[in-house]
A.B. asks: 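One structure coming up, written as structure tokens, with questions to follow.
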Protein chains: 2
Amino acid sequence: MSNAKALPLLERQPAPESAVPCCPPLTERPLTAEEAERTAGMFKALGDPVRLRLFSLVASHEGGEACVCDISDVGVSQPTVSHHLKKLREAGLLTSERRGTWVYYRVEPSVVAAMGQMLKIAG
Amino acid sequence: MSNAKALPLLERQPAPESAVPCCPPLTERPLTAEEAERTAGMFKALGDPVRLRLFSLVASHEGGEACVCDISDVGVSQPTVSHHLKKLREAGLLTSERRGTWVYYRVEPSVVAAMGQMLKIAG
DNA sequence: CACCTGTATCGACAAGCGTCAACATAGACA
DNA sequence: TGTCTATGTTGACGCTTGTCGATACAGGTG
């Protein structure tokens, strides 16, 4: 990139690349290949019924967080629950924290908001 | 773009039976297994980078619709494009209509709105 | 220390998915 | 009719994913 001038310093770059309000509404302009690559992972994470249930269990739990023990009754084995929670974490949709014996998961609001933003329908 | 002559003013077919204001926001209450099963398919459809690009190409195209020929330059072969468009159709996100030589795709707004609704963050 | 419970990881398997080349189908036009 | 273009379908291939049992790790309790 050829940056030959004193920069206006106005470009605000959202610092962490992990928790990213990525893209404009899908109706605004076509996504680039790179944007699509980054963003598809979020939708993919919710593209499994078990993960979608786990996510809604965390999202709707009182206090905004849920212990694994609160949400692990979704009809699959414990290792499978753990596997799906890891996927949701890797996609940036959930964060986890161990407190004593239990591990608590909570929703990452900015990422979910970014997804919702992309689905906004142009009036 | 080429304007087909003497277009038989497109009659809008009624939405498919799956057109769905499915579920409340994911923060409101946990999804049932059945709801999750139905809904995950929509997110899954957008969980592939090529499909996400195709969808945004249709969604952002002028007139709200796009011919396959307008959007097929996404770096995969023509059969693959057709395959992905079929997936998006089956998920209820796109509808298609043949007009003469070309096939036009457009977004199904109610389904996209339902997805956005689910991602609404509780204040 | 030993033991128990909650959660994550490993290894393996079947099923699903993305991709392509080849072929098929639909419409326009000569 | 036949040929050309635009899309869809088929069949096959390899990679990914969801699932489980077995096992490992972490923290509490006795």
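Any value given below was found using the heavy atoms of this structure, including those in side chains, with hydrogens, waters and symmetry copies removed. A note on names: the letters A, B, ... follow the listed sequences, proteins ahead of strands, and every chain is numbered from 1.
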A.B. asks: Under 4.0 Å, heavy atoms only, any strand: does A/Thr101 hit a base, just the sugar-phosphate, or nothing?
C.D. replies: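 Answer is sugar-phosphate: A/Thr101 comes under 4.0 Å of backbone atoms only.
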
A.B. asks: Sugar-phosphate means primed atoms, P, OP1 and OP2; the rest is base. With that split, encode nucleotides 15-26 of chain C 5' to 3' as B, S or - using protein heavy atoms under 4.0 Å.
C.D. replies: --SSBBBB----

A.B. asks: In this structure, how many angstroms lie between the C1' atom of C/dT7 and the CD atom of A/Glu97, rounded?
C.D. replies: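 Atom-to-atom, A/Glu97 to C/dT7, this comes out as 15 Å.
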
A.B. asks: Between P on C/dC10 and NZ on A/Lys86, what's the gap in Å once rounded to a whole number?
C.D. replies: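 After rounding, the gap between these two atoms is 7 Å.
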
A.B. asks: At under 4.0 Å between heavy atoms, what does A/Tyr104 touch on the DNA or RNA strands: base, sugar-phosphate, or nothing?
C.D. replies: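 No contact at all - A/Tyr104 keeps every heavy atom at 4.0 Å or more from the nucleic acid.
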
A.B. asks: If you group Ile, Leu, Val, Met, Phe, Trp and Tyr by side-chain heavy-atom gaps below 4.5 Å, do A/Tyr105 and A/Trp102 land in one group?
C.D. replies: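 No; A/Trp102 is not reachable from A/Tyr105 via cluster members.
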
A.B. asks: Check B/Leu26 against A/Ala59 and note the closest heavy-atom contact, atom names and distance.
C.D. replies: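 For B/Leu26 versus A/Ala59, the nearest heavy atoms are O-CB, 3.6 Å.
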
A.B. asks: Answer yes or no: is there a side-chain heavy-atom contact under 4.5 Å between B/Val107 and B/Leu93?
C.D. replies: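 Result no, sub-4.5 Å side-chain heavy-atom pair not found.
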
A.B. asks: Is there side-chain contact between A/Arg29 and A/Pro24, with heavy atoms separated by less than 4.5 Å?
C.D. replies: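 Result yes, sub-4.5 Å side-chain heavy-atom pair found.
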
A.B. asks: Using side-chain heavy atoms (C-beta onward) and a distance below 4.5 Å, is B/Met118 in contact with A/Leu46?
C.D. replies: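 No, their side chains stay 4.5 Å or more apart.
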
A.B. asks: Starting at atom CG of A/Leu54, determine the distance to atom P of C/dT7, rounded to an integer number of angstrom.
C.D. replies: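 After rounding, the reported distance stands at 13 Å.
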
A.B. asks: Over how many whole Å does the gap from A/Leu88 atom CG to C/dA8 atom P extend?
C.D. replies: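 In whole Å, C/dA8 P lies 12 Å from A/Leu88 CG.
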
A.B. asks: In this structure, how many angstroms lie between the P atom of D/dG8 and the CD atom of B/Glu90, rounded?
C.D. replies: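 Atom CD in B/Glu90 sits about 12 Å away from atom P in D/dG8.
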
A.B. asks: Could you tell me whether A/Arg99 sits above the aromatic face of A/Tyr104, with NZ or CZ closer than 6.0 angstrom to the six-membered ring centre and within 45 degrees of the axis?
C.D. replies: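 Pair A/Arg99/A/Tyr104 counts as cation-pi.
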
